[in-house]
Amino acid sequence: MDASHHRPLTLTERAQAAIYDGAVTTGFDLFSDRAIVAMRVDGELQDLAREVPDGASAEPVTIDSPDGLDILRHSAAHVLAQAVQRINPEARLGIGPPVQDGFYYDFDLPEAFSSDDLKALQKEMERIVKAGQRFVRRVVTDEEARAELADEPYKLELIGLKGGAEKAAEGASVEVGAGELTIYDNVDPKTGEVAWKDLCRGPHLPSTRLIGNGFALTRVAGAYWRGKTDLPQLQRIYGTAWPSKDELRAYQQRLEEAAKRDHRKLGRELDLFSFPDEIGSGLSVWHPRGAIARGEMEQHARRRHIEQGYSYVYTPHITKRDLFVTSNHLVTYGEGMWPPIHMDEERDDEGNVTKQGVDYYLKPMNCPMHILIYKDRSRSYRDLPLRLAENGTVYRNELSGALHGLTRVRGFTQDDAHLFVTPEQLEEETTKVLEFVLSLLQDFGLTDFRLELSMRDDEKEKWIGDEAIWETATDALRRVAQASGLDVVEEPGEAAFYGPKIDLKVTDAIGRSWQLSTVQLDFNLPERFELEYTAADGSKQRPIMIHRALFGSIERFFAILLEHYAGAFPVWLAPVQVVGVPVAEDYADYLEDIAAQLRGKGVRVEVDRSDERMQKKIRTHTLMKVPFQLIAGEKDRDAGSVSFRFRDGTQDNGVPVDEAIRRIVEAIETKAHV
RNA sequence: GCCGCCUUAGCUCAGUCGGCAGAGCGAUUCACUCGUAAUGAAUAGGUCCGGAGUUCGAUUCUCCGAGGCGGCACCA
């Protein structure tokens with residue numbers, strides 16, 4: 001339904017809208033459409049059962065609007081909690097807010113929920129939904145709430161935090177708002193009995209019936225109470241809820257589509273990379289087919305960087321401790337670094353140290369190494385901007401639970417660059433970096449971008465450096481971001497400790513958002529390493545550093561592209577670009593001849609001489625997402641032609657060989673996606 | 001790291017209420033030589049994740065560990 005049909009009503013129009021002249025007017029009197037589940041009264045979301053004061057403006061909230069969906073999902077969370085407490089009366093309640101596409105509710109109970117429990121809970125929820133319970137709001141004092149919720153220790157804690165609920169935990173504000181405390185009673189419409197109640201700010205649906213058939217419980221997980229690792233872990237049940245069964249089904253299909261594109265699955269199916277247990281968690285090996293695609297990515301990016309005035313450098317994977325003391329990484333990120341390798345220590349027979357050893361660390365960042373290249377000789381303003389780039393492999397000791405395919409690993413390669421600029425060059429250079437980032441990402445077929453400007457935290461401990469410098473830098477970044485014409489979101493408190501940054505987010509083919517590139521200003525490391533350049537007037541000046549990565553992690557970028565294309569890469573990136581499929585063995589040599597010509601033009605081509613029928617070969621190479629299959633039999637050989645079959649099943653038969661070669665080469669050169 | 005679930009052939013998965021294990025795909029071989037998504041047959045392939053315990057006997061039960069998955073927390 002279309003919410004725009006419902007213009008805001010004001011109660012001066014009560015005569016037309018209200019049914020009971022002179023009586024109290026509620027949202028139910030104003031809005032009869034069943035798709036309207038709540039209202040905004042003078043901007044505040046409220047239940048339809050609430051009284052609308054004279055002169056107030058009341059806008060309808062439909063179930064399919066963003067607010068309406070949140071209300072639906074939050075009400076579904078209440079139904080879940082009621083179902084849990086019906087089956088397990090000893091379960092204690094945490095919080096249960098709506099989230100993207102669904103809801104969750106946290107419970108404390110001794111035994112873990114099983115997948116069978118989820119089925120039983122879903123059944124119980126269906127019963128509650130069918131009963132058509134009403135959600136009835138009731139204002140209570142703190143004392144009344146404490147008395148009623150004496151058995152719910154987590155709720156009592158939230159009452160104590162009232163007003164500070166936003167800070168108590170993400171989602172906690174749905175339970176207790178800043179104003180008065182309220183409890184929602186779930187009332188059976190037939191008997192008028194209160195079936196269940198929960199501390200809640202609301203609003204809620206008029207009836208559980210509206211949750212209809214569009215909900216499902218999805219999974220169970222552990223979650224720290226109030227998100228804090230030192231507090232107990234509760235059991236969180238996730239669910240999804242939609243206004244209709246069709247929308248639920250569409251959501252489930254989106255999940256299925258995402259699962260099909262999962263880079264871990266495609267990586268195995270397409271023989272691109274793997275994570276051998278023998279090597280260790282979060283450490284990938286690249287098989288020939290994956291290495292070809294990755295290599296094409298790297299080579300293309302490298303060419304473009306050189307065109308843009310970047311100089312490639314190489315640095316080691318390991319370094320003495322002092323470097324990361326100077327850079328402060330050991331202090332700030334020490335926990336995420338791999339433990340040191342202790343070198344060169346010598347001891348006598350009693351075990352006394354006779355020669356002091358040195359600790360070496362795997363590098364978690366390339367920047368200190370690039371700084372040392374800068375520092376190796378004195379620099380002039382004429383050298384700047386100096387742009388040092390490296391595909392530098394770094395190692396971070398990620399917690400085991402954080403690891404995820406290629407997107408969160410313990411060893412990865414940054415397409416890292418550090419730009420050393422004068423303060424006057426900062427804004428122009430940053431602009432160039434941002435334009436370069438966008439242009440290069442577009443080469444890979446990404447088009448939908450958004451920027452986030454991360455600014456420093458209000459708390460002084462979270463950042464270092466001079467406040468005025470932060471201001472200047474942040475203002476410069478803001479101007480650059482706005483000049484790009486992209487959507488810019490400002491994120492206070494999200495900056496790195498050493499400077500503000502612009503992050504670039506990209507939306508993929510199925511609408512998911514990924515963070516890719518980052519451009520970070522750094523006034524701190526030049527200070528710590530005492531970097532200098534000689535200005536035109538002969539004075540010594542301090543350069544500013546710009547850290548930037550386009551892909552962030554090459555491995556992760558590869559994974560994102562793999563999912564974006566669902567494994568069907570553009571021709572230039574495809575591990576195998578052409579496969580020749582002879583109709584019968586006799587025609588293989590004819591195809592080999594064409595393949596040799598293609599190979600001569602740099603095309604990655606194979607001829608399938610396996611002992612299979614051509615139909616099977618076509619199926620195999622289609623599943624392997626090869627962009628061009630060239631088929632030839634008696635007809636094509638006689639005519640000096642070849643027949644194309646594309647990944648989508650379409651075909652183009654009897655194409656003269658020269659033209660076929662021309663078309664393939666052109667598709668590679670233009671980075672076409674066929 | 002924490003909570004929960006999982007780990008059987010190269011891959012996807014059955015199975016054994018405790019008696020030394022199976023399918024499909026893939027691989028190999030043979031036959032077939034075929035015009036746009038699976039030709040047929042045969043063969044090979046297993047420390048049932050690792051270790052310890054219980055037991056006459058453990059892939060199965062218990063404990064410990066490793067790895068994976070879903071979340072939480074973390075993410076320079």
Side-chain angles (χ1 to χ4, degrees), chain A residues 104 106 111-115 117 169-170 218-238 262 264-265 268-269 271 274-282 324 327-337 363-368 394 396-405 407-409 414 416 495-499 501 515 518 520 522 524-525 547 549 552-553 581-588 610-624 629-637 643-654:
Chain A
Y104 66 79
D106 288 344
E111 351 27 87
F113 288 113
S114 67
S115 49
D117 292 337
E170 201 182 338
T218 49
R219 55 182 157 247
V220 205
Y224 296 107
W225 169 235
R226 293 172 56 199
K228 294 183 178 154
T229 49
D230 48 349
L231 295 178
Q233 210 162 40
L234 307 182
Q235 294 188 65
R236 174 170 298 178
I237 296 180
Y238 280 94
D262 190 313
R264 295 166 298 185
K265 178 176 147 74
R268 192 181 306 108
E269 287 172 357
D271 193 16
S274 60
F275 294 88
D277 287 355
E278 294 86 338
I279 293 177
S281 294
F324 291 119
S327 71
N328 210 40
H329 283 112
L330 257 176
V331 176
T332 319
Y333 303 111
E335 280 187 19
M337 288 174 65
K363 67 173 171 184
M365 289 289 273
N366 301 300
C367 27
V394 297
R396 298 178 181 179
N397 189 16
E398 301 284 0
L399 295 173
S400 58
L403 299 173
H404 184 91
T407 62
R408 193 81 183 272
V409 290
Q414 289 182 316
D416 209 0
F497 75 93
Y498 51 75
K501 61 174 178 174
Q515 196 206 305
T518 180
Q520 310 188 353
D522 188 351
N524 172 55
L525 284 179
H547 305 243
S553 146
V581 175
V583 168
E585 207 176 325
D586 267 359
Y587 313 106
S610 68
D611 191 18
E612 295 288 352
R613 296 174 69 212
M614 68 168 294
Q615 287 84 346
K616 178 59 185 299
K617 295 181 183 184
I618 287 166
R619 177 183 150 84
T620 302
H621 305 302
T622 305
L623 290 174
M624 290 304 276
Q629 294 187 52
L630 290 184
I631 296 164
E634 191 71 33
K635 263 185 278 170
D636 277 309
R637 189 171 62 180
S643 294
F644 278 94
R645 184 186 163 105
F646 304 98
R647 285 182 287 214
D648 65 359
T650 57
Q651 35 183 299
D652 196 352
N653 296 333

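Worth saying up front: this structure is predicted, and the values here are computed from it rather than measured. Computed from heavy atoms alone, side chains included, the values below leave out hydrogens, waters and symmetry copies.
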**Request:** With side-chain contact (heavy atoms from CB on, under 4.5 Å) as the test, would you mind laying out the steps for A:E634 and A:V583 before giving the verdict?
**Result:** CA-CA 8 Å; A:E634 191 71 33; A:V583 168; over 6 Å; no

**Message:** Does A:L231 form a side-chain contact (heavy atoms from CB on, under 4.5 Å) with A:Y224? I'd like the steps, not just the answer.
**Reply:** CA-CA 6 Å; A:L231 295 178; A:Y224 296 107; 5.6 Å; no

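Straight-line distance from the NZ atom of A:K363 to the P atom of B:A76: 18 Å, rounded to whole Å. Atom pair A:D586:CG and B:C34:P shows a separation of 8 Å (rounding to whole Å applied). The distance from atom CE of A:M624 to atom C1' of B:G26 is 12 Å, rounded to the nearest whole Å. Atom CG of A:L399 and atom P of B:C75 are 9 Å apart (whole Å). Put simply, CD on A:E278 is 16 Å from P on B:A66, counting in whole angstrom units. One atom, CZ of A:R236, and another, P of B:G70, lie 16 Å apart when rounded to the nearest Å. Following rounding to the nearest Å, A:D277 (CG) and B:G67 (P) show an atom-to-atom distance of 8 Å. The distance from atom CD of A:Q515 to atom C1' of B:A76 is 12 Å, rounded to the nearest whole Å.
Counting non-hydrogen atoms under 4.0 angstrom, A:Y238 reaches the backbone sugars and phosphates but no base. At the heavy-atom level, A:E634 lies under 4.0 Å from base atoms of the strands shown. Within the 4.0 angstrom heavy-atom criterion, only backbone atoms of the sugar-phosphate kind lie near A:H404; the bases stay farther away. No engagement by A:K617 is indicated, since no non-hydrogen atom pair under 4.0 Å with the nucleic acid exists. A:R637 comes within 4.0 angstrom of no nucleic acid atom, judged by non-hydrogen atoms across all strands.
When atom types are taken as modelled, the side chain of A:Q235 and the backbone of A:E111 share a donor-acceptor pair closer than 3.5 angstrom.
Remark: A:R219 is in phosphate contact with B:G71, judged by side-chain N or O atoms under 4.0 Å from OP1 or OP2.
For the atom pair A:F646 CZ and A:T622 OG1, the distance stands at 12.0 Å (nearest 0.5 Å).
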**Asked** Starting at the 5' end of RNA chain B, what dot-bracket string do you get if Watson-Crick and G-U pairs under 3.5 Å are bracketed, crossing pairs use [ ], other-strand pairs use | and unpaired bases use dots?
**Response** (((((((..((((.....[..)))).(((((.......))))).....(((((..]....))))))))))))....

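Under the 6.0 Å distance and 45° angle rule, A:R236 counts as a cation-pi partner of A:Y104.
Residues A:Q629 and A:I618 are in side-chain contact: their nearest non-hydrogen atoms beyond the backbone lie under 4.5 Å apart. The side-chain heavy atoms of A:F644 and A:T650, taken from C-beta on, include no pair separated by under 4.5 Å. Considering only heavy atoms from C-beta on, A:H547 comes within 4.5 Å of A:L525 through its side chain. Looking only at side-chain heavy atoms (C-beta outward), A:K617 and A:P582 come within less than 4.5 Å of each other.
Comparing A:T229 and A:M337 by the nucleotide of RNA chain B that holds the closest heavy atom to each, the one mapping nearer the 5' end is A:T229. Each of A:H329 and A:R264 was matched to the nucleotide of RNA chain B holding its nearest heavy atom; the match closer to the 5' end belongs to A:R264.
Here the side chain of A:P364 is nearest to one of B:A76, B:A73, B:C69, namely B:A76.
What you find for A:L403 and A:S281 is that their closest heavy atoms are CD1-CB, 3.4 Å.
Of the N and O atoms on the side chains of A:Q651 and A:S643, not one donor lies less than 3.5 Å from an acceptor on the other residue.
Around CD of A:Q515, the count of heavy atoms belonging to other residues, nucleotides or ligands within 6.0 Å exceeds 12.
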**Item:** nucleotides 36-42 of chain B: protein proximity per nucleotide (B base, S sugar-phosphate only, - neither; heavy atom, under 4.0 Å)
**Value:** BBBB---

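Side-chain atoms of A:R408 and base atoms of B:C74 include a donor and an acceptor less than 3.5 Å apart.
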Kindly give the atom pairs (protein nitrogen or oxygen, nucleotide nitrogen or oxygen) under 3.5 Å for nucleotides 2-13 of chain B.
from: B:C2; atom 1: O4'; to: A:Y224; atom 2: OH; distance (Å): 3.4
from: B:C2; atom 1: O2'; to: A:Q233; atom 2: OE1; distance (Å): 2.5
from: B:C2; atom 1: O2; to: A:Q233; atom 2: NE2; distance (Å): 2.8
from: B:C3; atom 1: O4'; to: A:Q233; atom 2: OE1; distance (Å): 2.3
from: B:C3; atom 1: O2; to: A:G222; atom 2: N; distance (Å): 3.3
from: B:U12; atom 1: OP1; to: A:R268; atom 2: NH1; distance (Å): 3.1

